[in-house]
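Just dropping this structure here.
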2 protein chains.
Amino acid sequence: MSLMPASNPLDDAAETAAAPAAPSFSPLYQQIKALILQSLEAGEWKPGEAIPSEMDLAARFRVSQGTVRKAIDELASENLLVRRQGKGTFVATHAEQHVQYRFLRLVPDAGERGSEAPADRSILECRRTRASAEVARALGLRTADPVVQVRRVLAFNGVPTILEDLWLPGVAFKGLTAEQMADYQGPTYAMFELEFGVRMVRAEERLRAVAADDTQAKLLKVAPGTPLLSVERIAFTYNDVPMELRRGLYLTGDRHYRNELS
Amino acid sequence: MSLMPASNPLDDAAETAAAPAAPSFSPLYQQIKALILQSLEAGEWKPGEAIPSEMDLAARFRVSQGTVRKAIDELASENLLVRRQGKGTFVATHAEQHVQYRFLRLVPDAGERGSEAPADRSILECRRTRASAEVARALGLRTADPVVQVRRVLAFNGVPTILEDLWLPGVAFKGLTAEQMADYQGPTYAMFELEFGVRMVRAEERLRAVAADDTQAKLLKVAPGTPLLSVERIAFTYNDVPMELRRGLYLTGDRHYRNELS
DNA sequence: GAGTGGTCTAGACCACGCG
DNA sequence: GCGTGGTCTAGACCACTCA
């Protein structure tokens, strides 16, 4: 059975750009996956909502339930969808996702409980500006394109712990204010979903150890030269489109960045 | 169909220790997965070897090929097995695995190619000693149990970049010598597989930024106080048994620790 | 061409959540 | 009790590898 011609435009999106050898074969479930992805991207189902049942989707795409299932399996393993037995399959969201702060890996050395109070955010800066060459490259923009820059400090139990700079594409985040950044309860990425329809799906981080300069030291209330964990992040929406550059400086005195390897 | 009683001893191994609520239901493919895991653990198939075909395993376990397939799917996604279409399913190994240094996330800022020359290892120390309280806890041993301690420096293109201390359970690594650590070409974990039959399957890391003390600075040929990325790793064999504690200090001047979030 | 993993189907039944 | 996801089966066919 063939839902669409062997080489269809959807295939291209799934590839890693400069692949010279054509795939020449695309399993049906991959095509279904691409179709579901399109609907997600187009906002046919909103974050937190249920998508149609496997049976419904199978009927809609004229394939068997097992094929839809395999497509959803992959989307779920990429954290784009969440399955809940007996209830349905839901569009993943940074809000209400009981693992809040999905991308924040900094945890207390002891305890590790999610019971910890959420961080206090103080927004030091939130202004429209123009992309430097470096920022432009990271965000796939051109130098001097409009961007929104945010600087903030996160404090846990009153202790300043993270100094963060964010750069966001000006077009997508038109109208972002310091108040929005400060007032929203819950993950910043949840606010981005709600207010700007931008859903971060994946991120790449580069970690380094650096010494605090005078400005950074003052903001984090530590001595200049204190070692800080520098975390540079590029966050992507669908189709690997970069939508945020973030540079965090983490104080790792009584916290650490947790990672799992396999 | 039921291959074995609903609550069998294998189930316990798969659980996260202190779970109060019994699972009360274990899918057949999970039971098959546990059986395959047992065979892997027992060394029925050696690293790099092929395991029996899906059809063979299905016959052996008296289940359908699809059920075996699902069990293997999970083991493959945990990097315990590697599937190769047309050839078979193979036991994963740290050797010959064309992504060498599977657990090392430190990459050059530019280039990033695997084309880089492998690191020179100089072994500064390799001795039998007794576990401190901290080491014992990490390795699931008792204080003063025998351990092997190794200290080494890894240099890329002649530049010392990583200072590492390793602690290994003395019983499993009886007879490990500095020569073995130095001479083996390829990943250290591959040598552990070959020489000691110990296969690292998973690891947890804790990252911090620290300042180099005098000893560390001397060994890495940098100024005291230079910020270093501290990477504490516990590596596990099958069944989440810890088999290595490692503390690395990474120089991140022109390299970074790469991580993917999703 | 034989053997392996990979895909797809159709149908049955099970576990879970909720009204 | 119904609808959802989750499991299991049996059989057909496809893509890849290697002799």
Side-chain angles (χ1 to χ4, degrees), chain A residues 1-7 11 14 21-36 45 48-77 80-92 98, chain B residues 1-8 11 14 21-36 45 48-77 80-92:
Chain A
M1 143 149 228
S2 176
L3 187 66
M4 52 187 76
S7 79
D11 291 343
S24 80
F25 168 67
S26 171
L28 193 43
Y29 77 87
Q30 287 287 1
Q31 302 175 33
I32 302 303
K33 179 182 169 186
L35 289 173
I36 296 175
W45 314 298
E49 284 181 11
I51 70 171
S53 75
E54 294 179 355
M55 283 310 236
D56 287 355
L57 289 172
R60 165 160 158 186
F61 297 132
R62 310 290 204 75
V63 299
S64 78
Q65 179 256 4
T67 301
V68 169
R69 185 168 184 77
K70 180 134 191 187
I72 293 180
D73 276 346
E74 292 208 350
L75 292 167
S77 80
L80 298 182
L81 296 177
V82 177
R83 320 187 81 132
R84 281 182 224 152
Q85 181 169 159
K87 300 183 73 174
T89 302
F90 299 78
V91 182
H98 71 252
Chain B
M1 142 150 230
S2 176
L3 186 65
M4 52 186 76
S7 80
N8 66 66
D11 291 342
S24 81
F25 169 67
S26 171
L28 193 44
Y29 76 87
Q30 288 286 2
Q31 302 177 34
I32 302 302
K33 181 182 168 187
L35 290 174
I36 296 176
W45 315 298
E49 284 182 11
I51 70 171
S53 75
E54 294 179 354
M55 283 310 236
D56 287 356
L57 289 171
R60 166 159 157 187
F61 297 131
R62 310 290 205 72
V63 299
S64 78
Q65 180 257 3
T67 300
V68 169
R69 185 169 184 75
K70 179 134 191 189
I72 292 180
D73 275 346
E74 292 209 349
L75 292 167
S77 80
L80 297 182
L81 295 176
V82 177
R83 320 186 81 132
R84 283 182 220 150
Q85 181 169 160
K87 301 184 71 173
T89 301
F90 299 77
V91 181

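Each chain gets a letter, A, B and so on, in the order its sequence line appears, and its residues count up from 1. Worth saying up front: this structure is predicted, and the values here are computed from it rather than measured.
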Counting just side-chain N and O atoms, does Lys70(B) come under 4.0 Å of either OP1 or OP2 of dT7(D)? yes
Out of dG5(D), dG5(C), dT9(D), which nucleotide sits closest to the side chain of Arg69(B)?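 Within the option list, the nearest is dG5(C).
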With sequence neighbours left out, what residues match Glu49(A) under side chain to side chain contact (heavy atoms under 4.5 Å, CB included)?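 So Glu49(A) forms a side chain to side chain contact (heavy atoms under 4.5 Å, CB included) with Trp45(A), Lys46(A).
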Could you check whether Arg84(B) gets within reach of a base, just the sugar-phosphate, or nothing at all, counting any heavy atom under 4.0 Å?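 Sugar-phosphate, backbone atoms only, no base.
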Taking side chain as C-beta onward, heavy atoms only, is Ile51(A) less than 4.5 Å from Ile72(A)?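 Counting from C-beta outward, Ile51(A) and Ile72(A) do come under 4.5 Å.
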Considering all heavy atoms, the nearest Val91(A)-Leu81(A) contact: CA-CD2, 4.0 Å
Could you state the interatomic distance from CZ (Phe61(B)) to CG (Asp56(B)), rounded to the nearest 0.5 Å?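 Atom-to-atom, Phe61(B):CZ and Asp56(B):CG are 11.0 Å apart.
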Which residues satisfy the salt bridge (Lys or Arg N to Asp or Glu O under 4.0 Å) test with Glu74(B), sequence neighbours excluded?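 Once residues adjacent in sequence are excluded, the partners of Glu74(B) under the salt bridge (Lys or Arg N to Asp or Glu O under 4.0 Å) criterion are Lys33(B).
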Provide, to the nearest angstrom, the distance between the CG atom belonging to Asp73(B) and the P atom belonging to dC8(D).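 In whole Å, dC8(D) P and Asp73(B) CG are 13 Å from each other.
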Got a sec, which residues hit salt bridge (Lys or Arg N to Asp or Glu O under 4.0 Å) with Arg83(A), two or more places apart in sequence or on another chain?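 For Arg83(A), the residues satisfying salt bridge (Lys or Arg N to Asp or Glu O under 4.0 Å) (neighbours in sequence not counted) are Glu54(A), Asp73(A).
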Inter-residue atom distance Ser53(B).OG - Gln65(B).CD, 0.5 Å rounding: 9.0 Å
Rounded to the nearest Å, what distance is computed from the CZ atom of residue Phe90(A) to the C1' atom of nucleotide dG17(C)? 10 Å
Nearest-Å distance for atom pair CZ/P, residues Arg83(A) and dA15(C): 18 Å
How many angstroms lie between atom CD1 of Ile32(A) and atom CZ of Arg60(A), to the nearest 0.5 angstrom? 10.0 Å
Atom pair distance, as rounded to whole Å: CD1 in Ile72(B) and P in dT4(C):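 Answer to the nearest Å: 12 Å.
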Nearest to the side chain of Pro27(B) - dT7(C), dG6(C), dT7(D)?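 Taking heavy atoms from C-beta onward, the closest nucleotide is dT7(D).
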Selection from dT4(D), dT9(C), dA15(D) that lies nearest to any side-chain heavy atom of Ser64(A):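 Looking only at heavy atoms from C-beta outward on Ser64(A), the closest nucleotide is dT9(C).
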So how far off straight is the helix from dG1(C)-dC18(D) to dC18(C)-dG1(D), going by the axes through five pairs at either end, to 10°?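 Taking the rotation axis at each end, their angle is 10°.
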Thr89(A) meets the side-chain hydrogen bond (donor to acceptor under 3.5 Å, both in side chains) criterion, sequence neighbours left out, with none
Integer-rounded Å distance: dT4(D) P and Ile51(A) CD1: 12 Å
For dC8(C), take OP1 and OP2 only and decide whether either is under 4.0 Å from a side-chain N or O of Thr67(A). no
Residues forming a side chain to side chain contact (heavy atoms under 4.5 Å, CB included) with Ser77(A), sequence neighbours excluded: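 By the side chain to side chain contact (heavy atoms under 4.5 Å, CB included) rule, Ser77(A) matches no residue at all.
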Taking OP1 and OP2 of dG5(C), is either one under 4.0 Å from a side-chain nitrogen or oxygen of Thr89(B)?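 Affirmative; the distance criterion is met.
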Whole angstroms only, please: what is the CE-P distance between Met55(B) and dG6(C)? 14 Å
Contact list (N/O, under 3.5 angstrom) for nucleotides 17-19 of chain D vs protein:
| from | atom 1 | to | atom 2 | distance (Å) |
| --- | --- | --- | --- | --- |
| dC18(D) | OP1 | Lys87(B) | NZ | 3.1 |

What is the distance, rounded to the nearest whole Å, between atom CD of Gln65(B) and atom C1' of dT9(C)?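 From Gln65(B) CD to dT9(C) C1': 14 Å.
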What's the CZ-C1' distance between Phe61(B) and dC8(D), to the nearest Å?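 After rounding, the reported distance stands at 16 Å.
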Tyr29(B), nearest nucleotide to its side chain (from dT7(D), dC8(C), dG5(C)): dT7(D)
